[in-house]
Number of protein chains: 2
Amino acid sequence: MKPQEASECCGPIDDLLDAELFKALGEPTRLKLLSCLAKCGRPCSVTELTECCAVDFSVVSRHLSLLQKAGVLTATKEGRTVFYAVRYKHLTEAFRALAKSIEDCRPKRRSAKK
Amino acid sequence: MKPQEASECCGPIDDLLDAELFKALGEPTRLKLLSCLAKCGRPCSVTELTECCAVDFSVVSRHLSLLQKAGVLTATKEGRTVFYAVRYKHLTEAFRALAKSIEDCRPKRRSAKK
DNA sequence: TGCATATTTGCGTCGACATGCAAACTTACC
DNA sequence: GGTAAGTTTGCATGTCGACGCAAATATGCA
C-alpha cells in the first residue's frame, strides 16, 4: 500500500495535526509567555506578561493575539486592560486526543492472536 | 504574584514545551508527511513519501531529516534506501505528559472564596 | 569498471515572520 | 475637554526557512 493511499486505516489524525497550533507554539518567546501564564494560574495583562520576556510590549501584544487565534489563550477586556488566560481544558483535551490518535495508528504486532 | 516569579507552582511544563518539536510540526508539508507515515503504519522511503506531497524529493529529504532531529521519526538505512518511521510511543508519551502538565497547572476552584 | 537508483547537500531565490519604534486607538479619571 | 494608562497597528529592517535545481555522495548490480 502506498503511503498516500492509506487514508482510512486509523483515527482523525489529520484533524488533530493542526499546523496553526504547532506553529503558534513553535516560537520561544510565545512558549515563554504560555509557560508564564500557565504557571501563574491566573489571567494576566499584556503589560504584566511583558515582564516575562525581553521584547517590546507591542511584540508581546502580537504574540498573545496570535496565541489566541490558535486557540491557546482567551482574551477578556476589562476597561483598558486585556487579560489573557490559558485554555487549560481545551489544550489538555487537544493533546490527549492527539496522543490517542497517534497511538491508534501504531500497528499492533500480529503474533498468534489477532 | 508576578508572572515571571511563578516558577515552582506546577509540574515540569517548561521541559515539555519543546520549541523544536512544535516548530517541526508547525509546517504543513511536514505534517502531511507525518500523517502519511502514521497512517501507512510501516516504514517508508524518501521516494515513497515524495508521492504524498507536491514538493521535490530533496525537500522531502530535508523535512524528514528535520523530523528525525526533532524526535518525531526514526531513520534506518538499508542499502541505498532510508526508511523513516513514526516514533509512536515517544510521541504518544510526550503529548500525554504535556497534557498532564497543563492540566496540573490549571487552578482548582477553591470552595469557600478566600 | 560502468551505470542506475536512492539520498544528501550546496546554492540562490523568495516569502514569511520576529522585532522595535512611533503613531493611533480605547478607556479611565480629573 | 484634556491627560494618562493600556493596547493595537503601521512601517521598516533583518533573519530564517521552504523551495527547486544541480551536483555530490552512497550503494547495488552487471
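Here is the naming used below: chain letters follow the sequence lines, and residue numbers restart at 1 for every chain.
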For C:dT8 and B:S65 - does any side-chain N or O of the residue sit under 4.0 Å from the phosphate oxygens OP1/OP2? no
Which comes earlier along DNA chain C counting from the 5' end, the contact point of B:V60 or that of A:G79, where each point is its nearest nucleotide? B:V60
Taking only N and O in the side chain of B:H63, is any of them less than 4.0 Å away from OP1 or OP2 of D:dG17? no
Using a heavy-atom cut-off of under 4.0 Å over every strand shown, decide if A:F83 touches base, sugar-phosphate, or nothing. nothing
Please work out if A:S61 contacts a base, only the sugar-phosphate, or nothing of the nucleic acid, heavy-atom cut-off 4.0 Å. base
State whether the side chain of A:H90 and the backbone N or O of A:V72 hold a donor-acceptor pair below 3.5 Å, judged by distance alone. no
Rounded to whole Å, the CD-P distance (B:E48 to C:dT5) equals 16 Å
I need the CG-P distance between B:L66 and D:dG17, as an integer number of Å. 9 Å
Indicate, yes or no, whether a donor-acceptor pair under 3.5 Å links the base of C:dC21 to the side chain of A:S58. yes
Mind telling me whether A:F22 and B:F95 have parallel, tilted or perpendicular rings, with 30° and 60° as the class edges? tilted
Any N or O donor-acceptor pair under 3.5 Å from the base of D:dG10 to the side chain of A:R62? yes
Which whole-number value in Å describes the distance from B:F57 CZ to D:dA24 P? 15 Å
Do any side-chain nitrogens or oxygens of A:R80 fall under 4.0 Å of OP1 or OP2 in D:dA4? no
Atom CG of A:L64 and atom P of D:dT7 are separated, to the nearest Å, by 9 Å
Length of the line joining B:L25:CG and D:dA18:P, which is rounded to integer Å: 12 Å
Which part of the nucleic acid does B:A75 contact within heavy-atom distance under 4.0 Å: base, sugar-phosphate only, or nothing? nothing
Set out, in order, the CA-CA distance, both residues' side-chain angles and the distance that settles side chain to side chain contact (heavy atoms under 4.5 Å, CB included) for A:S101 and A:L98, then state yes or no. CA-CA 5 Å; A:S101 80; A:L98 179 56; 4.0 Å; yes
If you measure only the distance, is there a donor-acceptor pair under 3.5 Å linking the side chains of A:K77 and A:T81? no
Could you check whether A:V55 gets within reach of a base, just the sugar-phosphate, or nothing at all, counting any heavy atom under 4.0 Å? sugar-phosphate
Rounded to the nearest 0.5 Å, what separation is found between the NE2 atom of B:H63 and the OG atom of B:S65? 11.0 Å
Please determine if a side-chain N or O atom of A:T29 lies less than 4.0 Å away from the OP1 or OP2 oxygen of C:dT19. yes
For B:E51 and C:dA6, give me the distance from atom CD to atom P, rounded to whole Å. 11 Å
Criterion side chain to side chain contact (heavy atoms under 4.5 Å, CB included) against A:Y84, the qualifying member of A:L64, A:L34, A:T76: A:L64
d(CD, A:E27; P, D:dT15) in whole Å: 16 Å
Nearest-nucleotide check on DNA chain C, B:D56 vs A:K23; residue mapping nearer the 5' end is B:D56
Measure from CG on A:L49 to C1' on D:dT8 and round the result to the nearest Å. 16 Å
From the list D:dG6, C:dA6, C:dT8, which nucleotide is the closest neighbour of the side chain of B:V46? C:dT8
